[in-house]
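What follows is a set of notes on a single structure, which appears directly below.
Chain A is the first sequence line, chain B the second, and so forth, proteins listed ahead of strands; every chain is numbered from 1.
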2 protein chains.
Amino acid sequence: MKKYTIKDIAELAGVSKGTVDRVIHKRGKVSAKAYEKVNAVLNEIDYKPNLLARSLKNTKEYHICVVLPDYKEDAFWTPCFEGIQEAINEYSSFGIFIEYYFFDLMQPSSFLEVHKKVLGLLPNAVLLAPLFYKETVKVVANYNNANILVSKFNNQLDIENSKNFVGQDLFKSGRIAASLMKEITSKNATIAIINIDEDSNNAIYVQEKEKGFRSYFNEIGNYTIVTWNCKQQNIDDTLGDFIDNHSGLAGIFVTTSKVYKIAAFIKNKQLAHIKIIGYDLLDENIKYLNQHIIHFLIHQNPKKQVYLGLTYLVEHFLFNREIPAKSLLPIDIITAENLDTYLEV
Amino acid sequence: MKKYTIKDIAELAGVSKGTVDRVIHKRGKVSAKAYEKVNAVLNEIDYKPNLLARSLKNTKEYHICVVLPDYKEDAFWTPCFEGIQEAINEYSSFGIFIEYYFFDLMQPSSFLEVHKKVLGLLPNAVLLAPLFYKETVKVVANYNNANILVSKFNNQLDIENSKNFVGQDLFKSGRIAASLMKEITSKNATIAIINIDEDSNNAIYVQEKEKGFRSYFNEIGNYTIVTWNCKQQNIDDTLGDFIDNHSGLAGIFVTTSKVYKIAAFIKNKQLAHIKIIGYDLLDENIKYLNQHIIHFLIHQNPKKQVYLGLTYLVEHFLFNREIPAKSLLPIDIITAENLDTYLEV
DNA sequence: TTAAAAAATGTGTTCGAACACATTTACTTC
DNA sequence: GAAGTAAATGTGTTCGAACACATTTTTTAA
């Protein structure tokens, strides 16, 4: 299983390495005779160029910017930040320079501002969380104009000329939540879907989950599914009324990582008969999962999303690997029992 | 964020690149003065050697052998084989030569034979499935003597001087199965643990799962847990009696990927009230999962185990990365609903 | 037939780290 | 202070691919 080099091939074919190079890269200026000789050798052996050497020769500084919400505003984004840090450590030895920029996830305008700044830096690629539809369309167009590669994570948006997504199928994610809810509630129960702090700006991805959840129960029939949108700060004042108005409420599906807010209320009011399913392994959520106030968490694996998104870009630059148009991660079901196998050591 | 090279550092410190190299690698023969100058620069900047260049210089052929049971005997090993293939494709461009050798998983003697053959090849490393305790101790000792790096996957064995394991915590895996079983069966039920085709030779890893399963129900109390060991070919003849002898049997936990054998029987005899939990995403298992004959599968991720094990070895050889002594993968809970997010596209 | 142009082919350098080897400088000893 | 040795430092080559540039061969036109 010898590794052949260009030089080896040149000797075998009786030509110079320059000619071999021209044949391999189809750069022309090769006689039919020489072409045949080289090709005969290439067909005989299994030539795989040494990617280390190729990449070393092409050594450039590659610059990647990640644009995401500030994790200080919303703990959901903390693992993303860790994923970036890991990628920085991992890839800086290969001449990859990764930076991150935060925007305010409540303000589309800050999203635009940050991207304007990033565009000015003319990086080789941008990995972004496309929370706002209209604004994302705009910035993606700008990046395309400037010939800057764009990749997205967290939520999928159908945007023209924009592939490269890493994340989960949110519709399916909602269905999975529903199937788990069915498993732990009694037949034909009333179930609530609760959206916390999601205004129309960035509600798209929450809507997908809701659709998936409802689609599952529609297929079964006879369950009562109600949706409730609320603001974080009003939960204590209004959730009680909501529950009272829906007597026999058996389960709550919270569409985001803020499920701990609901869990806190449920625990406080001793309503533990109401089963809760939500998203993500925040410390607060883990606490209630271990107390069996939250019954299942669905793991969106935000850290892996970012890390994988960056890995695709890096391998594209270094080794010319193709970036998958859509990379959908597994949707992990987390219980109090398998939880710690998902946490870092 | 400029990338510094040895040459850059040499210029900044006013010495030659040879001296810089000696300082960085602590190879001595450097005057205190020169040492100080170079160190001053190194402290100032963040020097990360270009791993591509380093690895290119050290270019050797690295040879890795994977030793595992033949997947034609037991479909569980098929994904492992796929993982090997993927690693071959991925890493051959870096001068890594990966081979695989199969042994008969019923015959410890064939395990020894194959390893004898592999030892004769003097590879740089061996990744193996340590199914047989006694025999593994022996071959690992042989590899250590020959200075061949050893890494293990699938099941953990406590062997002296042998680290480098990729797999899952099997005890915990049993506990998780138990917690799911509890969720879908009625209180204080009778539950069976079924081991198929596991003789004492390689029963160690199955025992761990059983222990974990029992430990969970012990903590709760009042459930009746019975164990049944059987041979694949006798299931049709004997399982009926076993079930009859345990009236009120509510659930079956099959400790291996052969759970489809039990599911076939249960479906056939229309005993669908008995809930089944087992292991791994074999086609047959998937079929019964989708029919809701099997209720949960636990995903051992054999493909990832092998691929990751190989990745650790490769990165160790190419970039001098440390190999984790123990790499425990998440224990995924698979239902009919989230199944396809775990399958390849 | 010969000069000029075009095509084909070969040679040499670069990327950055690692290390062998050559050269210079410092230190002993008589 | 000179000769000899040890220590320190600098130079040059290598890994394999890529490509610029130099050289050779073939083709074309006068």
According to the interplanar angle, ranging from 0 to 90°, do the rings of B:F132 and B:F111 count as parallel (below 30°), tilted (30 to 60°) or perpendicular (above 60°)?
-> perpendicular
With under 30° as parallel and over 60° as perpendicular, where do the rings of A:H63 and A:F97 fit, or are they tilted in between?
-> parallel
Expressed in angstrom and rounded to an integer, what is the separation of [X] atom [atom1] from [N] atom [atom2]?
| X | N | atom1 | atom2 | value |
| --- | --- | --- | --- | --- |
| B:I24 | C:dC19 | CD1 | P | 12 Å |
| B:N320 | C:dA17 | CG | P | 15 Å |
| B:K60 | C:dA18 | NZ | C1' | 11 Å |
| B:R22 | C:dA20 | CZ | P | 11 Å |
| B:D21 | C:dC21 | CG | P | 15 Å |
| B:H25 | C:dA20 | NE2 | C1' | 15 Å |

In terms of the nearest nucleotide of DNA chain C, which residue is placed more toward the 5' end: B:G18 or A:K33?
-> A:K33
With a cut-off of less than 4.0 Å, is there a side-chain N or O of [X] near OP1 or OP2 of [N]?
| X | N | answer |
| --- | --- | --- |
| B:S31 | D:dT9 | yes |
| B:T19 | D:dG10 | yes |
| B:R27 | C:dC19 | yes |

Got a list of protein N/O to nucleotides 13-16 of chain C N/O distances below 3.5 Å?
unit_1, atom_1, unit_2, atom_2, d
C:dT13, O4, A:K17, NZ, 3.4
C:dG16, N2, B:A53, O, 3.3

Under the criterion side chain to side chain contact (heavy atoms under 4.5 Å, CB included), which of A:V126, A:L149, A:N124 is the partner of A:L313?
-> A:L149
Answer whether the closest heavy-atom distance between the side chains of B:N50 and B:K3 falls below 4.5 Å.
-> no
Side chains of A:K304 and A:L329: closer than 4.5 Å at any heavy-atom pair?
-> yes
